[in-house]
Amino acid sequence: MKEMDKIKFSRIAKEISNDLKKIPKEWDGREAILEMKNSEYNQWKQMEWIGFYFQFLCEKYLNKIMEIPGPKYGNTEFDGFKGIPWDFKSHAINTSSHQIIVNDSEAIAKAINEFGAVGVILALGEVEYNDDERTFQMWHEELKGGLSKYSEERIRRGAWSRLRKVELNLKQISFIRIDDDVLVKSGSFQRNFRNADGSPRREKVLLNLEKLDEEIVYFVDFNQKRKLKE
DNA sequence: ACATAAGCACATTACGAAAC
DNA sequence: GTTTCGTAATGTGCTTATGT
């Protein structure tokens with residue numbers, strides 16, 4: 001029964017990856033942001049452009065083979081749907097932390113209950129952080145039309161500003177299957193985020209990349225241009 | 001017009017194990 | 001016993017969407 005689910009998952013993942021293989025490998029921050037802006041994609045002002053750019057690419061390349069967006073539970077909406085609900089994510093490989101933050105815990109639990117599992121399509125790449133002079137950040141700031149209200153507040157608070165990524169070199173796209181077993185195993189939920197105004201955030205599921213193994217049912221490798229796992 | 005809560009993805013700290 | 005180190009736990013920076 002469970003094996004059947006994995007086979008089904010793998011089949012869908014393979015189908016999605018056929019189209020996903022065509023996306024660009026070299027993501028230049030400035031180009032990516034301009035591309036989103038010119039396409040009137042609403043998220044081009046976001047700091048974490050790698051996340052939104054991957055989502056942007058998925059919508060562009062996958063809109064014919066899957067439903068975008070996916071089902072909604074409470075206030076949480078999945079990015080896409082094909083057989084099961086899917087979420088698109090990006091992650092930098094060359095950092096110390098390999099935890100990836102997934103969706104709202106309750107929404108995931110409900111989705112698993114309804115469809116048996118949910119999937120994460122994870123773009124993994126090496127990123128450049130060489131923005132010590134903050135020229136990239138300033139470029140983005142200017143394009144956005146100056147500091148946001150939040151940023152002015154942040155400066156007033158004396159808090160630090162996060163380092164921007166300048167480019168990403170896509171290495172791999174993983175398809176991760178999340179069911180109840182994974183939830184129990186990864187177990188580490190995250191609660192008590194602080195929101196922009198200081199209010200608490202809802203609990204989310206946290207996955208540790210290093211502990212994932214059989215959950216990664218299928219992946220595309222951009223280095224060797226072949227798949228290592230079926 | 002404003003507050004609230006969601007989206008994106010870390011960054012920093014705290015703490016126990018391991019090494020000296 | 002103390003320092004060092006790896007990982008789990010906890011808290012942050014930023015923007016958009018939605019509802020009043």
Side-chain angles (χ1 to χ4, degrees), chain A residues 27 29 32-33 36-37 40-59 68-80 85-108 110-111 120-129 131 134 136-141 143-168 170 174 176 185-212:
Chain A
W27 301 356
I33 286 167
M36 288 191 279
K37 183 174 187 285
E40 283 167 28
Y41 187 68
N42 279 337
Q43 312 288 352
W44 63 270
K45 290 183 181 174
Q46 296 276 6
M47 176 194 68
E48 289 290 356
W49 61 268
I50 61 164
F52 291 100
Y53 188 58
F54 183 55
Q55 216 169 291
F56 171 79
L57 292 174
C58 285
E59 287 177 22
I68 296 174
K72 194 172 177 182
Y73 297 89
N75 289 324
T76 300
E77 191 173 59
F78 283 87
D79 292 335
W86 292 89
D87 217 35
F88 308 133
K89 304 231 155 277
S90 302
H91 182 70
I93 309 174
N94 50 323
T95 53
S96 49
S97 169
H98 290 299
Q99 298 173 314
I100 57 176
I101 302 165
V102 199
N103 263 341
D104 181 84
S105 299
E106 212 178 313
I108 290 182
K110 283 182 181 166
V120 175
I121 302 177
L122 183 65
L124 293 160
E126 252 170 50
V127 290
E128 284 288 344
Y129 283 101
D131 196 31
R134 300 268 175 177
F136 175 81
Q137 184 172 354
M138 282 160 62
W139 170 86
H140 198 188
E141 209 73 72
L143 192 67
K144 290 188 296 188
L147 282 170
S148 67
K149 204 173 173 182
Y150 179 89
S151 290
E152 286 175 5
E153 265 308 310
R154 193 215 79 232
I155 292 167
R156 205 163 297 136
R157 286 203 321 267
W160 36 271
S161 176
R162 280 187 56 187
L163 197 55
R164 267 58 170 174
K165 299 172 185 70
V166 176
E167 59 179 64
L168 181 142
L170 188 61
S174 296
I176 303 166
K185 191 173 152 189
S186 70
S188 48
F189 295 86
Q190 184 168 23
R191 58 170 75 238
N192 296 329
F193 281 82
R194 223 189 88 244
N195 221 325
D197 62 345
S199 64
R201 304 184 191 185
R202 285 174 63 85
E203 188 174 283
K204 294 196 176 195
V205 170
L206 205 56
L207 288 180
N208 190 332
L209 258 193
E210 267 134 21
K211 289 197 173 164
L212 296 180

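A note on names: the letters A, B, ... follow the listed sequences, proteins ahead of strands, and every chain is numbered from 1.
Counting non-hydrogen atoms under 4.0 angstrom, A:W49 reaches nothing in the nucleic acid. Residue-level contact check: A:K149 touches neither bases nor backbone, having no heavy atom under 4.0 Å from any strand.
Between A:Q55 and A:D79 the shortest side-chain heavy-atom distance falls below 4.5 Å. A 4.5 Å side-chain heavy-atom check between A:I33 and A:W139 finds at least one atom pair inside the cut-off. Side-chain contact between A:Q137 and A:S161 is present, with at least one heavy-atom pair separated by less than 4.5 Å.
Distance from the side chain of A:Q99 is smallest to C:dT10 among C:dC14, B:dC10, C:dT10. Closest contact between the side chain of A:N75 and the listed nucleotides B:dA6, B:dC10, B:dC8 involves B:dA6. Out of C:dC14, B:dA9, B:dA6, the shortest distance to the side chain of A:S90 is found at B:dA9. Of the candidate nucleotides B:dC8, B:dA9, C:dC14, B:dC8 has the atom nearest to the side chain of A:F52. Nearest nucleotide to the side chain of A:L206, out of C:dT15, C:dT10, C:dC14: C:dT10. The side chain of A:S151 approaches C:dC14 more closely than any other nucleotide in the set B:dC8, C:dG13, C:dC14. Comparing atom distances between the A:K144 side chain and each of C:dT15, C:dG13, B:dA9 picks out C:dT15 as nearest.
Partners of A:Q46 according to the side-chain hydrogen bond (donor to acceptor under 3.5 Å, both in side chains) rule, which considers only residues two or more places apart in sequence or in another chain, are A:Q43. Not counting sequence neighbours, the partners of A:D87 by the salt bridge (Lys or Arg N to Asp or Glu O under 4.0 Å) test are A:K89. Applying the side-chain contact (heavy atoms from CB on, under 4.5 Å) criterion to A:K45, with sequence neighbours excluded, gives A:K144. Under the rule for a side-chain contact (heavy atoms from CB on, under 4.5 Å), the partners of A:E152 that lie at least two apart in sequence or sit in another chain are A:L147, A:R156. Qualifying salt bridge (Lys or Arg N to Asp or Glu O under 4.0 Å) partners for A:E48, counting only residues two or more places apart in sequence or in other chains: A:R162, A:K165. In this view, A:S148 and A:Y150, A:S151 satisfy the side-chain contact (heavy atoms from CB on, under 4.5 Å) rule, not counting sequence neighbours. Annotation: ring-ring contact (aromatic ring centres under 6.0 Å, His included) contacts of A:Y53 (sequence neighbours excluded): A:W27, A:F56.
Residue A:M47 contributes atom CE, which lies 19 Å from atom P of B:dA6 at whole-angstrom precision. Between the CD1 atom of A:I50 and the C1' atom of B:dC10 there is a distance of 9 Å, rounded to whole Å. Between the CE atom of A:M36 and the C1' atom of C:dC14 there is a distance of 14 Å, rounded to whole Å.
Direction change of the helix axis from one end of the helix from B:dA1-C:dT20 to B:dC20-C:dG1 to the other is 20°, with five pairs defining each end axis (rounded to 10°).
A donor-acceptor contact under 3.5 Å is not formed by the side chain of A:R162 with the base of B:dA11.
Summary of the strand contacts: A:V127 and A:Q46 both lie near DNA chain B, and taking for each the nucleotide with the nearest heavy atom, the more 5' one is attributed to A:Q46.
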Report task. Mind running side-chain contact (heavy atoms from CB on, under 4.5 Å) on A:N103 and A:Y73 for me, showing each step along the way? Result -> CA-CA 11 Å; A:N103 263 341; A:Y73 297 89; over 6 Å; no
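Distances shorter than 4.0 Å separate some side-chain N or O of A:R157 from OP1 or OP2 on C:dG13. Here A:S148 reaches the OP1 or OP2 of C:dT15: one of its side-chain N or O atoms lies under 4.0 Å away. Between A:K204 and B:dG7 there is a side-chain N or O to OP1 or OP2 distance below 4.0 Å. Of the side-chain N and O atoms in A:H91, none sit less than 4.0 angstrom from OP1 or OP2 of B:dA9. Remark: A:R164 is in phosphate contact with C:dC14, judged by side-chain N or O atoms under 4.0 Å from OP1 or OP2. Checking the phosphate oxygens (OP1, OP2) of C:dC14, a side-chain nitrogen or oxygen of A:R154 falls inside 4.0 Å. Here A:K45 does not reach the OP1 or OP2 of C:dC14: none of its side-chain N or O atoms lies under 4.0 Å away.
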Distances for protein N or O near nucleotides 17-20 of chain C N or O, under 3.5 Å:
residue	atom	partner	partner atom	Å
C:dA17	OP1	A:N42	ND2	2.9

